[in-house]
Amino acid sequence: MKKPVIDAQNVDLTFQTNDGPVHALKNVNLEINKGDFVSFIGPSGCGKTTFLRCIAGLETPTGGRLTVNGMTPEEARKSRAYGYVFQAAGLYPWRTIRGNIQLPLEIMGFPKSEWKGHIDRVLDLVDLRGFGKKFPWQLSGGMQQRASIARALAFDADILLMDEPFGALDEIVRDKLNEELLKLWAATQKTIGFVTHSIPEAVYLSTKIVVMSPRPGRITDVIESTLPPDRPLDIRDSEEFIKIAHRVREGLRAGHDA
Amino acid sequence: MKKPVIDAQNVDLTFQTNDGPVHALKNVNLEINKGDFVSFIGPSGCGKTTFLRCIAGLETPTGGRLTVNGMTPEEARKSRAYGYVFQAAGLYPWRTIRGNIQLPLEIMGFPKSEWKGHIDRVLDLVDLRGFGKKFPWQLSGGMQQRASIARALAFDADILLMDEPFGALDEIVRDKLNEELLKLWAATQKTIGFVTHSIPEAVYLSTKIVVMSPRPGRITDVIESTLPPDRPLDIRDSEEFIKIAHRVREGLRAGHDA
Amino acid sequence: MSRLDTRAEQVLWPLGFGVLVLALWEFGVRLFGVSPAILPPPSAILAAILSSGPTLWEDWVQTVVKGALNGLWMGTLAALILAVIIDRFVFLKRGLLPVANFFAALPIVGLAPIMVMWFGFDWHSKAAVVAVMVFFPMLVNMLGGLAAVDTMQRDLMRTYAASHTQTLLKLRGPAALPFLFNGLKIATSLALIGAIVAEYFGSPIRGMGFRISTEMGRLATDMVWAEIVVSAVTGTALYGIVSAIEKRVTFWHPSQRG
Amino acid sequence: ADDVTLQLKWVTQAQFAGYYVALEKGFYEAEDLNVTIKPGGPDVAPVQVLLGGGADVMVDWMPSALAARENGAPVVNIAQPYKSSGMMLTCLKESGITGPEDFPGKTLGVWFYGNEYPFLSWMGKLGLATDGSEGGVTVLKQGFNVDPLLQKQAACISTMTYNEYWQVIDAGISADDLITFKYEDQGVATLEDGLYVLEDSLTDEAFKDKMARFVKASMEGWTYAAANPEEAAEIVLDYDETGAQTMTHQVRMMTEVAKLLEGSDGSLDVADYERTVASLLSGGSDPVITKEPMGAYTLEITDAAMK
Amino acid sequence: MKNILPIVTIVLALIVIWYGAAFKMNSTWTYDQAARAGTEVTFSDLLSDTMQQSRPLLPAPHQIASELWNTTVEKKITSKRSMVYQGMITLKTTLLGFVFGIVIGVALATVIVLSRVGRLTLMPWAIISQTIPIVALAPIIVVLSNAVGTGTLMVPKAIIAAYLSFYPVLVSMVKGLTSPDQMQLDLLRTYGARQSDVFWKLRLPSSMPYFFASLKVAVAASFVGAVVAELSTSAISGLGARMLIGSQFGEPMIMWAALFAAAILAGLLIFLVGSFEKAARHLMGGRAL
Ligand SMILES: Nc1ncnc2c1ncn2[C@@H]1O[C@H](COP(=O)(O)OP(=O)(O)OP(=O)(O)O)[C@@H](O)[C@H]1O
Ligand SMILES: Nc1ncnc2c1ncn2[C@@H]1O[C@H](COP(=O)(O)OP(=O)(O)OP(=O)(O)O)[C@@H](O)[C@H]1O
Ligand SMILES: Cc1ncc(C[n+]2csc(CCO)c2C)c(N)n1
Ligand SMILES: [Mg+2]
Ligand SMILES: [Mg+2]
């Protein structure tokens, strides 16, 4: 049997706040295999971000067991297993695009001679060749978002975690980036965790859709996609797609009313 | 023949900026009749907001003719014809929810005795009864957005202009508000101008969908909806709906590539 | 970083630090046999405070109550009124603001001898110096505050066809409050220092500045330090009072919500 | 050469001409001294500079020196080039003042920062309260100039015969419109502009020798300055870093100062000293000094200088 | 440029008001003098006398202008009577104090941001420090730095200037160093970054806009400090000393000219630092404004 890359068993997380404890995650069980593209979808506050942060070792579960490649997330983080893309692009405005992509390389101590190679490669990947010398504010929102993805890809982490990376973009740009993300995933076979609010986006991208519901945050449904790996944009008008989308929506609504 | 409430003929708007003129609107022709629900959809920067602002008399066209109820938008504004909902809730943080809704009543000189009635009515309408005494920051984003809609409804303007009012909400809440907005519209027969980025939302709500394209901002398509007035949420899985959505998407894509 | 500071920690750490400094001071002065005419030990300062209560009180009333506080309210009020006027007329804003900035650059203590010439030796001339001193920071802060309203909030008022006064009272006034308090915090310490320095240039034979300079001439440095302690305590108390009022009045501002 | 730093009580002006002349004319050099003169100002207490090690010897008024002594700063007078006091109170005639009996109820301008003692002891002698109570006088801490008189904010202000008085005259008020009260005439004169050093330093023979030479050269400077007011004023002007002094004013000041020097060879007249101490001790309810000072002067230095 | 007309109008209006006030305020002296001399004053006497008194309560603008002209353009800049010469001295003090202030402000802010204990202990004292009337301590600072062996007044003056200018830098730097949001900090954590990386690569660069913004305030504070120091340490040179000397020697024109020279110099300094700020922002990849 294949060993899962990410293995969550009965994960609980309670925040202690001034107004008393907040149960952000309760009894979360999930296995993610190498090369999976997993989307997390659910209403606001259901714990999507929290769970992603747990995986990345940015938050420590208060209960249960969570391993990444057999290690604790903390250890995995120290071994630089993650590329993390935040909701906003979050580029450093005082660095050029190249400078931004170079940042993780500097910190992780990649030899200077290799920097250029890495940067050029990922700039090509996200189609930003020629924009390396620009500052972030000289780029459109979509381009900034792509640069931040490039930054997460530069050091070839095995696991890519993305928290609503396309939330702020308009539908058309979003479609484009979705297509490119799929291509990238196909080419690199990375394991991807992806948070989104959009049902079509989740269905279009994922091999596995995790539907969550709030108070306390838990998983209400895990849908294995039956869509083929090769997905043109207009697959979204197909029967199969609409069926899956419907199931996701129902799952969401159920969680919402509960 | 019915006289249109809003009548735009060859409307042009050019902003003079430091980097030279920006043609935000070019040759825009549109008639909106009483009771219409008109959605504006188009890529970022195509002039949706600008056009809405022109209608509300917040921006003055540099060319063409724009009348509202036969008056200039400026005059219509002075006669308090508009309820305007901005993209962000924009509640005043130093006023409670009630205080915020009361604001237009104070300014427009409604007699004090009537305030309570108006406020209670709209609080019910947006399902916020019981939250009147809270301050905006004590409410979730969705609730704030609803409060701002209540504020726009409090003084019963004939024309309701809404600029991406649900942009920041999650899909489920959005669905709910969409349904309620339709109910409200059916009950009051207001004329509504509605900006959105979401194709399903535009199709679901409108009697008329205006597709715009940028540089310079112009109207590329006006789609009269063939959906029945009574629209349950799952109408979105219907053939008819998908057909209209497809047409909108095609229109958008065409504008985007141009 | 994440641990919250308890009330006790907020008090004990700075207090402990203060005590440590005083102990070192006392010890150092004794160890090196520094002449009390140059640096008195804290114990001597304390003794001077205890034995000169009536004098310190008389000086405090003269300088703080009559000089500083009178100047403070006069300067603040004048700045508020002028800010509202300037803000009303674009012409004034363009013309007066740069001129005001020039005068703001004046080292205002240099006006002290002139004020003594104009307004006499008693507290009136001190209040005048203080008033001029606090006037400019208050003006600049108020103008900044009145302009700090975002366009959307202002446009909201326009859709209500609100008058200038209504906008000022209901929107820009409240929005400017945090700036007002920011200015006040600067102004209180300026007021105190201004009132003291102004007394160097002529005064009746009471007042903290008079006492400091006279006692310094008599080598009674313990008394000089006693006045300095009174001044620091007063300044800190004024700062605390302004902060406390700020907390109550601008409870809605993010910086006050913690 | 031995280094000596002299701290003046006030800014560079003919009041201190003797020291500048001695420096310029090489009198110090001749005594194998390398002298630095530090001007003072409104916020310099010369005693503090001395205590802080910033100077070896200072020019100060005896009342403030004795007060400092009581406050734990053991300074000792080693020479007294000024024989008489130049202090006076200058009043506008239109204020209605004709004599000290008219002072009650009037506003009088006084210098503080250690210069208030002579005034306070005078008022003590007259039995006039200075704290603003009934029947006393109202005291103002006079600023750095004569404006309070010109603006009629005070009926009288403190002036020196050689300086501020002439500023009033120069401002356009004629001497006929003024009435003046010299401290000398009122019998409350105190010794001004003596040379003082720290008591501890006098235990050092080398230092005493240095001071003797310093006083000797300084007195030569004073003699020369008194005899040649024009040249002295010019020298002072050369050393004035403010660039605000004028020739006429300095010549006039030198002439006036010369009158105050008359009768002194530099050594302290013990009778004058005792008169000053008595006046300071008698200052009413709040005397400037509370007990007879001991060892506040020494004649050793001048004796050595004169031989 | 569209501001020119309003500025000129306002300045003209101010000048007119000023002349009126000068006439009114200075006439008292004219009447007093006439009364002492027993003569009558005609209106034209009054007008000409109030516009050219040598010790006016309020000098007429042209008097200040001509005094400024005389003491800047007409005098050699090595002359002690030259405002340029005196201005340079104040400028030197200001810059020295400014540099001290920046160093102290940044150092304290770093301690405060990096250590919880540092923040708890130092922050309240930083606020309290600004309520102490530093001028009161000027003589002691002079004496002490004399005792430590710095011969000139430059050091004590700069200390006073630095005392006033470190605070705005400190406050801004604390804000700036804590300005990175949780997301930016977490990004570095996902890289497994060390504390020093976080400081050098994130905190420090993101504090730069705050730092530059504080410089204008700090240089103004330093300038005021320098002038106040010259007023209160009995300095004999510098613009502050000029004001005092003008007042002492009964030459108010010197004082007024020094006052205006100081305002001009301060304006110039703030403008220069402002330009520097803009340039630095640009180099840091900031948007040109
Ligand atoms: N640091 C924290 N301290 C206290 N409560 C927290 C913290 N972080 C998150 N929470 C709470 O935990 C719950 C889950 O938050 P989380 O951010 O994971 O939601 P989410 O699903 O990502 O929502 P969204 O779609 O709005 O981003 C929420 O109720 C939130 O208020
Ligand atoms: N005040 C202004 N000055 C100059 N240019 C402006 C101004 N307001 C808008 N524009 C420009 O006009 C164009 C249309 O802007 P508008 O805000 O109407 O777009 P939009 O369709 O609402 O976009 P979005 O979906 O991003 O809100 C844009 O290119 C914008 O940069
Ligand atoms: C604030 C102030 N304090 C003292 C004096 C007095 N003073 C010290 S030496 C000297 C003689 C030269 O005029 C005088 C008058 C002053 N003028 N201003
Ligand atoms: Mg989230
Ligand atoms: Mg818009």
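Just so we're on the same page: letters track the sequence lines, and every chain starts at 1.
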Enquirer: So what's closer than 4.5 Å to chain C heavy atoms on D:Ala68: side chain, backbone, both or neither?
Expert: both

Enquirer: If we only count heavy atoms from C-beta on, is the C:Arg218 to D:Tyr117 side-chain gap below 4.5 Å?
Expert: yes

Enquirer: Given that the side chain runs from C-beta out, which part of D:Glu70 has a heavy atom under 4.5 Å from chain C: side chain, backbone, both or neither?
Expert: neither

Enquirer: My understanding is that only one of D:Leu150, D:Asn145, D:Asp147 makes a side chain to side chain contact (heavy atoms under 4.5 Å, CB included) with C:Met117; could you say which?
Expert: D:Asp147

Enquirer: Are any side-chain N or O atoms of D:Lys141 and backbone N or O atoms of C:Tyr200, one a donor and one an acceptor, separated by less than 3.5 Å?
Expert: yes

Enquirer: For the residue pair C:Pro204 and D:Leu140, what are the closest heavy atoms and their distance?
Expert: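 In terms of heavy atoms, the two residues are closest at CA-CD2, 4.3 Å.
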
Enquirer: Can you confirm whether C:Phe27 is buried at CZ, in the sense that more than 12 heavy atoms of other residues, nucleotides or ligands lie under 6.0 Å from that atom?
Expert: no

Enquirer: Indicate the atoms forming the closest heavy-atom contact of D:Tyr113 with C:Ser213, along with that distance.
Expert: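 Distance-wise, the nearest heavy atoms are CD1-O, 2.8 Å.
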
Enquirer: Checking D:Gln153 side chain against C:Val116 main chain: does a donor-acceptor pair fall under 3.5 Å?
Expert: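 At least one qualifying donor-acceptor pair exists.
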
Enquirer: When rounded to the nearest 0.5 angstrom, what distance separates CG in D:Leu51 from CG in C:Leu39?
Expert: 12.5 Å

Enquirer: For the atom pair CD (D:Gln151) and CH2 (C:Trp118), what is the distance rounded to the nearest 0.5 Å?
Expert: 11.5 Å

Enquirer: Is any side-chain heavy atom of C:Thr221 closer than 4.5 Å to one of D:Gln48?
Expert: yes

Enquirer: At a 4.5 Å cut-off on heavy atoms, which part of C:Glu215 comes close to chain D: side chain, backbone, both, or neither?
Expert: neither

Enquirer: Against chain D, label C:Ser203 side chain, backbone, both or neither, depending on which of its atoms sit under 4.5 Å from a heavy atom there.
Expert: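 Contact with chain D is through both the backbone and side chain of C:Ser203.
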
